[in-house]
Amino acid sequence: MKVEKLVEIIGSDFYTGVPDSQLKALCNYLMDIYGIDPKHHVIAANEGNCTALAAGYHLATGKIPVVYMQNSGEGNIINPLASLLNDKVYAIPTVFIIGWRGEPGVHDEPQHIYQGEVTIRLLEDMGVASFVIGRETTDEEVMAKMEEFKAILAAGKDVAFVIRKGALTDAPEVTYENDNKMVREEIIRHIAEASGKDPVVSTTGKASRELFEIREARGESHCYDFMTVGSMGHASMIALGIAAQKPEQRIWCIDGDGAVLMHMGAIALIGANKPKNLIHVVINNGAHETVGGMPTVAGSMDIVSVAKACGYPEAVRVEDFESLDTALAEAKKKQTLTLIEAACSIGAREDLGRPTTTALENKQNFMDYLKTL
């Protein structure tokens with residue numbers, strides 16, 4: 001169905017969410033109509049934030065908010081959904097729009113398979129009535145379901161539209177760009193050169209895909225890398241866990257700005273523990289680029305100052321490859337917890353592939369390598 005029609009049927013004037021490729025039509029429509037406007041449309045750091053923000057909107061207006069997300073974000077909304085929105089607590093009605101990655105019977109990446117299997121079940125367990133919208137779903141069917149949902153919402157309960165691949169159409173074209181010069185794949189190539197045979201933990205999305213292809217092109221083993229294909233925002237904690245157990249071995253973390261924002265407390269924990277053997281590289285393009293390019297707030301944020309305030313002894317921002325190479329070499333030499341923020345452009349190769357090894361193979365090869373260190 002046309003995305004504009006779905007928005008019209010729902011009838012809300014406030015949307016908040018975390019972008020998803022399955023919902024790109026909706027994200028582009030909202031950016032075209034509202035841009036980023038705290039009264040009407042906010043891209044939040046994580047889905048739990050979105051849910052609380054939606055609650056604030058309802059408290060201030062009495063109206064019904066909409067929260068959008070990929071189904072991987074269901075885990076982040078369980079706490080506020082159960083202990084804030086639920087009709088046994090504050091009874092705050094909310095409409096969720098959820099992109100269904102890993103839908104049973106539809107080929108998808110491994111990190112989406114189990115999440116796809118339990119998507120509807122999780123909503124049922126949380127008392128959220130749901131309706132699936134696919135390519136063949138008619139406007140009339142959605143209108144009829146929304147009429148049913150209105151009674152549920154009036155009782156202080158929550159509802160969800162679950163969106164199948166390709167179900168939303170006719171989005172406006174929106175261009176996402178910035179003025180940064182460095183390309184992410186080249187940044188990662190420089191990191192791979194500097195890190196040598198040190199273990200690397202890479203964040204979810206295109207960063208891990210690019211790291212995989214760089215290793216292939218260089219004829220290097222993939223055993224050096226743990227590619228965090230899911231669990232957005234948790235790569236730095238994985239790296240900290242490894243660094244703590246391998247204190248004599250340098251560990252690198254390739255992170256993204258959206259991932260850092262999603263679970264920002266990780267920086268505080270890393271800074272408090274100060275592992276001398278951890279180098280944390282945050283590639284900041286100010287965008288959720290893997291799922292379409294929608295903006296994050298990191299484009300106007302001083303990540304270096306945040307890291308220093310959280311206890312990182314060394315933190316630096318670089319905007320060109322000469323400065324990047326200098327920062328990487330200095331971090332490798334110092335044996336001190338270091339954060340390097342690399343300003344990055346938006347975009348990737350059209351022919352960027354995906355890892356040809358399974359997640360389990362990646363884990364086992366990485367663990368076997370760690371045993372040798």
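Reckoned from all heavy atoms, side chains included, excluding hydrogens, waters and symmetry mates.
- Taking 4.0 Å as the cut-off between side-chain N and carboxylate O, E319 and K181 do not count as a salt-bridged pair.
- Residues passing the salt bridge (charged side-chain N to carboxylate O under 4.0 Å, His left out) test with K63 are D13, sequence neighbours excluded.
- The pair R349-E213 counts as a salt bridge, with a side-chain nitrogen and a carboxylate oxygen less than 4.0 angstrom apart.
- Between E103 and R164 there is a salt bridge, since a side-chain N of the basic residue sits under 4.0 Å from a carboxylate O of the acidic one.
- Residues R189 and E210 are not paired through a salt bridge, judged by the lack of any N-O separation under 4.0 Å between the basic side chain and the carboxylate.
- Under the 4.5 Å side-chain criterion, counting only non-hydrogen atoms from C-beta, L84 is not in contact with V89.
- Minimum interatomic distance between V316 and A327 (heavy atoms only, all atoms of both residues): CG1-CB, 4.0 Å.
- Residues forming a salt bridge (charged side-chain N to carboxylate O under 4.0 Å, His left out) with D320 (at least two apart in sequence, or on another chain): none.
- A donor-acceptor pair under 3.5 Å is formed between the side chain of N362 and the backbone N or O of M227.
- The cluster map of Ile, Leu, Val, Met, Phe, Trp and Tyr, joined by side-chain heavy atoms under 4.5 Å apart, puts M69 and F131 in different clusters.
- A donor-acceptor contact shorter than 3.5 Å links the side chain of W100 to the backbone of G116.
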Side chain to side chain donor-acceptor pair (under 3.5 Å) between E361 and N365: does it pass, once the steps are laid out? CA-CA 6 Å; E361 288 170 339; N365 290 337; over 6 Å; no
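- The aromatic rings of Y369 and Y224 stand perpendicular to each other, their planes meeting at an angle above 60°, with 30° marking the opposite boundary.
- Contact check for L30 versus Y68: side-chain heavy atoms found under the 4.5 Å cut-off.
- A salt bridge links R218 with E220: the closest approach of a Lys/Arg side-chain nitrogen to an acidic carboxylate oxygen falls below 4.0 angstrom.
- The backbone N or O of T204 lies less than 3.5 Å from no partner atom in the side chain of T228, so there is not a single donor-acceptor pair.
- Here E124 does not pair with R121 in a salt bridge; the nearest charged N to carboxylate O distance is not below 4.0 Å.
- A salt bridge is defined here as a Lys NZ or Arg NE, NH1 or NH2 lying under 4.0 Å from an Asp or Glu carboxylate O, and E109 with R101 fails to meet this definition.
- The closest side-chain heavy-atom distance from P295 to I36 is below 4.5 Å.
- Not a single donor-acceptor pair under 3.5 Å links the side chain of K5 to the backbone N or O of K2.
- Put simply, the side chain of N178 gets close to the backbone of N180: a donor and an acceptor are under 3.5 Å apart.
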Step by step, work out the side chain to side chain donor-acceptor pair (under 3.5 Å) result for D325 and H190. CA-CA 7 Å; D325 289 339; H190 283 243; 2.6 Å; yes
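- Residues M237 and V281 do not share a hydrophobic cluster, clusters being chains of Ile/Leu/Val/Met/Phe/Trp/Tyr side chains in contact below 4.5 Å.
- Within 6.0 Å of the CG atom in D368, the count of heavy atoms belonging to other residues, nucleotides or ligands exceeds 12.
- T137 is listed as a side-chain neighbour of V142, based on a closest heavy-atom distance under 4.5 Å.
- V162 is not connected to V66 by any chain of hydrophobic side-chain contacts under 4.5 Å among Ile, Leu, Val, Met, Phe, Trp and Tyr, and they are in different clusters.
- Counting non-hydrogen atoms of neighbouring residues, nucleotides and ligands closer than 6.0 angstrom, the NZ atom of K157 reaches no more than 12 such neighbours.
- For residues 245-257, every residue pair satisfying the salt bridge (charged side-chain N to carboxylate O under 4.0 Å, His left out) rule, not counting sequence neighbours, is listed here: D198-R250.
- You'll find the side chain of V67 stays beyond 4.5 Å of the side chain of E47, heavy atoms only.
- Checked by atom type and distance alone, the side chain of S208 pairs as donor or acceptor with a backbone atom of T203 at under 3.5 Å.
- In the hydrophobic clustering of ILVMFWY residues, with side-chain heavy atoms under 4.5 Å counting as a link, I214 and I254 come out together.
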Kindly determine whether Q22 and Q70 satisfy side-chain contact (heavy atoms from CB on, under 4.5 Å), including the steps that lead there. CA-CA 7 Å; Q22 210 94 310; Q70 185 182 109; over 6 Å; no
Evaluate the ring-ring contact (aromatic ring centres under 6.0 Å, His included) criterion for residues F161 and F149: first the C-alpha distance (whole Å), next the side-chain angles of each, then the deciding distance (0.1 Å), finally the verdict. CA-CA 10 Å; F161 289 105; F149 279 175; 5.2 Å; yes
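- Between the side chains of Y176 and N285, not a single donor N or O lies within less than 3.5 Å of an accepting N or O.
- Taking hydrophobic clusters as Ile, Leu, Val, Met, Phe, Trp and Tyr residues chained together by side-chain heavy-atom distances below 4.5 Å, V291 shares a cluster with I43.
- Between Q115 and L122 the shortest side-chain heavy-atom distance falls below 4.5 Å.
- Contact of the V132 side chain with the I120 side chain is registered, since non-hydrogen atoms from C-beta on lie closer than 4.5 Å.
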Dump the intermediate steps for side chain to side chain donor-acceptor pair (under 3.5 Å) on N284 and E341, then the final yes or no. CA-CA 7 Å; N284 184 2; E341 177 191 5; 2.9 Å; yes
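- Taking the six-membered ring where the residue is Trp, H41 and Y34 present tilted rings, their angle falling between 30° and 60°.
- Between the CG atom of L352 and the CZ atom of R184 there is a distance of 8.0 Å, given to the nearest 0.5 Å.
- Note: F212 CZ to D225 CG = 9.5 Å, rounded to the nearest 0.5 Å.
- Of the inter-residue distances, the one linking M232 atom CE with S72 atom OG reads 8.5 Å to the nearest 0.5 angstrom.
- Taking NE2 of H58 as the reference point, atom CG of L53 lies at 14.0 Å (rounded to 0.5 Å).
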Could you walk me through whether I191 and W252 satisfy the side-chain contact (heavy atoms from CB on, under 4.5 Å) test, starting with their C-alpha distance in whole Å, then the side-chain angles of each, then the deciding distance to 0.1 Å, before giving a yes or no? CA-CA 9 Å; I191 296 170; W252 300 70; 4.2 Å; yes
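- Nearest heavy-atom pair, Q249 versus N277, reported as atom, atom and distance to 0.1 Å: O-ND2, 2.9 Å.
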